[in-house]
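Throughout, residue positions are numbered sequentially from 1 according to the sequence presented. Because the structure is a prediction, the values reported are computed rather than measured.
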Amino acid sequence: MKWLVLLAAALPAMAAPPIAGGGTLNMAIQGEPRSLDPHVAAEEPSELVAFLTHGVLIRVNRATQQPEAELAESWKASADGRTLTLTLRKGVRFSNGALLGAADVCYSLNRILDPALDAPNGDSLRGAAGKVGCVASGATVTLRFEKPLAAAERWMDGIAILASGSGAPEKAVLGPFTVESWQPGSHLILRKNPHYWRRDEAGRQLPYLDSIRLEIQRNRDIEVMRFERGELDLITNLAPDIFERLKAVKGGRALEVGASLDAEQLWFNQAPGAPIPEFKRAWFRSRQFRAAISQSIRRDDMVRIVYKGHATPAAGLVSPANLAWVNSAVKNVPPDPKAALALLRTDGFQLAGQVLRDRSGNAVEFTIITNAGNKSRERMASLIQQDLSAIGIKLRVVSLDFPSLIERITRSLDYEACLLGLIGADLDPNGQMNVWLSSAANHQWNPNQKSPATPWEAEIDQLMIQQASASSMAARKRAWDRVQAIVAEQAPFIYLIHPNTLVAVSSTVGGVRPVVMRPHLLWNAERLFINSRQAVTQSK
């Protein structure tokens, strides 16, 4: 991809890794991990800890975006897409010293597929492949799928391999680090895994670091202050104004990696059991209402005012950085309050003076929740508030601490609308099965449906299954293009902008290769090192 080549050319070269290695890398995370169980990790802090501590059979390389052998030294998919055969590496040990065996793989697969666990990746895999059988024979594992599964090897990136019968998942791990301690509300210490299987080109065991300290710090201003004082070594997802400030500092510590795969988006709560008035739920279920809200929002203002130009207005669910899968026919609708009001009138809404009312005379007003401390989202919410006032809608903005926000959108469903960013963790549409299947827990506007609530959701279900089993890239692309077109028309998520990936790297850290896929700076954590010679970053 051209943009990856340009990125590689834009970053300076790094000094060679040290002979001895060692040291502690310090970094902040913006929330408490909800679980150390990698199979139920569903939010960024938990997913980051899982990535650093657990191993998978096949890993999608975050720089090349291609699958690579990890715990499996090789794999072969059948021509009909119903079988994936993997050969395990010999001599790989868990952090407790136990040897990895094929039985551990089948245990892990069966565990993540158990509906009682409610694992996001397991739910998605069941939806795409149907029943999955696992046969262990020596060092060979054979997976058999009820339905053909396209790009089956990419699914393996989301299935951490656990030791069968080990008890707590964090007690025996295969990743470069182990969880040594966790002080809730304060920090986690990840310690070097003494049995990690990977070695560098010179034969030295990885990781180079002794440990990683993850500070739980929700206040981004304090995080930046500590970075400037040298107490933190890395920052991901910088706010644009902070990026501009750090960029002005000598040493090139702030880096713009490129357009991200992420999206900032707004959605309305349509869940039947949500504690909101029925007349409001009727608004939120109206395509015309959602489309009019989208057409009223001035995305260019968000890019210019909030992101200082470090973002792209969103036309749909796929970032333009994802060249292989974006539907270029989906275009960004320019803001037009008059057209939005005309659309609302077709559904019985009327502007009475300066107040928009529904067909029953209810004034249109609602509350949007977002996470406290995220200045970009708070500013975006303020701009949306202004834009909607132009069509007579009163918008209230409520900022919640992140755990409370997650609780509302996943458990209590006690909210009307939400402004949040969903992570683009994978280029492939299979990585979004846990969002677009109507039965999925992350189908945020109406999660965990027993059957599709609308014909268009039923069509998306069919298309997602179709693309997951199609034998050709062209057939998968046609199905995914149609999903993007439906989402643009129905607007269950109102996509706002795709932020650029903005990071900061201390001059004391070597081996960093920033990428647009998450985790942007820690994807190759086993090769990071503390560098006293002040030479910092590379990409190739």
Side-chain angles (χ1 to χ4, degrees), residues 7 11 25-33 41-52 62-63 212 214-228 232-247 253-265 302-303 306-312 314 319 321-322 370-381 399 401-403 405-406 418-426 495-506 509 512-525 528 537 539:
L7 170 62
L11 296 177
L25 183 140
N26 297 289
M27 183 176 172
I29 53 177
Q30 280 67 61
E32 192 92 42
E43 90 298 332
E44 192 168 5
S46 297
E47 289 176 342
L48 177 61
V49 173
F51 188 94
L52 294 172
R62 267 46 179 179
I212 297 177
L214 298 175
E215 299 278 355
I216 300 167
Q217 178 54 259
R218 295 184 175 90
N219 188 310
R220 301 307 302 265
D221 291 332
I222 294 176
E223 178 185 14
V224 173
M225 179 185 68
R226 295 190 63 196
F227 176 83
E228 291 179 312
L232 298 177
D233 299 309
L234 304 173
I235 305 181
T236 60
N237 304 318
L238 278 169
D241 52 347
I242 301 299
F243 172 79
E244 292 290 339
R245 191 178 92 201
L246 293 179
K247 186 179 178 182
R253 298 188 300 176
L255 300 171
E256 185 163 9
V257 186
S260 76
L261 303 174
D262 302 344
E264 294 292 321
Q265 57 211 67
M302 292 180 175
V303 171
V306 179
Y307 283 87
K308 315 297 183 186
H310 302 295
T312 301
S319 166
N322 190 346
T370 193
N371 55 311
N374 188 310
K375 292 184 178 178
S376 295
R377 288 192 187 125
E378 290 172 345
R379 291 169 182 167
M380 289 171 68
S399 297
D401 64 86
F402 199 68
L405 185 144
I406 295 298
C418 182
L419 172 62
L420 201 62
L422 291 186
I423 296 169
D426 193 357
Y495 290 92
L496 303 171
I497 56 95
H498 298 291
N500 288 355
T501 302
L502 307 175
V503 301
V505 180
S506 167
V509 182
V512 181
R513 298 172 58 191
V515 295
V516 297
M517 290 187 72
R518 293 175 186 254
H520 306 297
L521 297 175
L522 291 180
W523 69 276
N524 64 333
L528 303 187
T537 58
S539 180

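Between the side chain of Trp523 and the backbone N or O of Arg513, at least one donor-acceptor pair lies under 3.5 Å. Side-chain atoms of Gln217 come within 3.5 Å of backbone N or O of Asn219 as a donor-acceptor pair. Side chain of Glu223 to backbone of Arg226: no donor-acceptor contact under 3.5 angstrom is found.
Distance check: Thr370 OG1 to Glu264 CD gives 7.5 Å after rounding to the nearest 0.5 Å. Rounded to the nearest 0.5 angstrom, Met517 CE and Asp262 CG are separated by 10.5 Å. Going from atom CG of Leu521 over to atom CZ of Arg62 covers 13.5 Å, rounded to the nearest 0.5 Å. Put simply, OG on Ser260 and CZ on Arg518 are 7.0 Å apart, with the number rounded to the nearest 0.5 Å. Gln265 CD to His498 NE2: the interatomic distance, rounded to the nearest 0.5 Å, is 9.0 Å. Atom CG of Leu502 sits about 9.5 Å away from atom NE2 of His520, to the nearest 0.5 Å.
In this model, a donor atom of one side chain and an acceptor atom of the other lie less than 3.5 Å apart for Arg377 and Asn371. Judged purely by distance below 3.5 Å, without hydrogens or angles, the side chains of His310 and Glu244 pair a donor atom with an acceptor atom.
Here Glu32 pairs with Trp182 under the side chain to side chain donor-acceptor pair (under 3.5 Å) rule; sequence neighbours left out.
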key: CA sep, side-chain torsions, deciding dist, call: Leu420, Phe402, side chain to side chain contact (heavy atoms under 4.5 Å, CB included)   = CA-CA 11 Å; Leu420 201 62; Phe402 199 68; 4.2 Å; yes

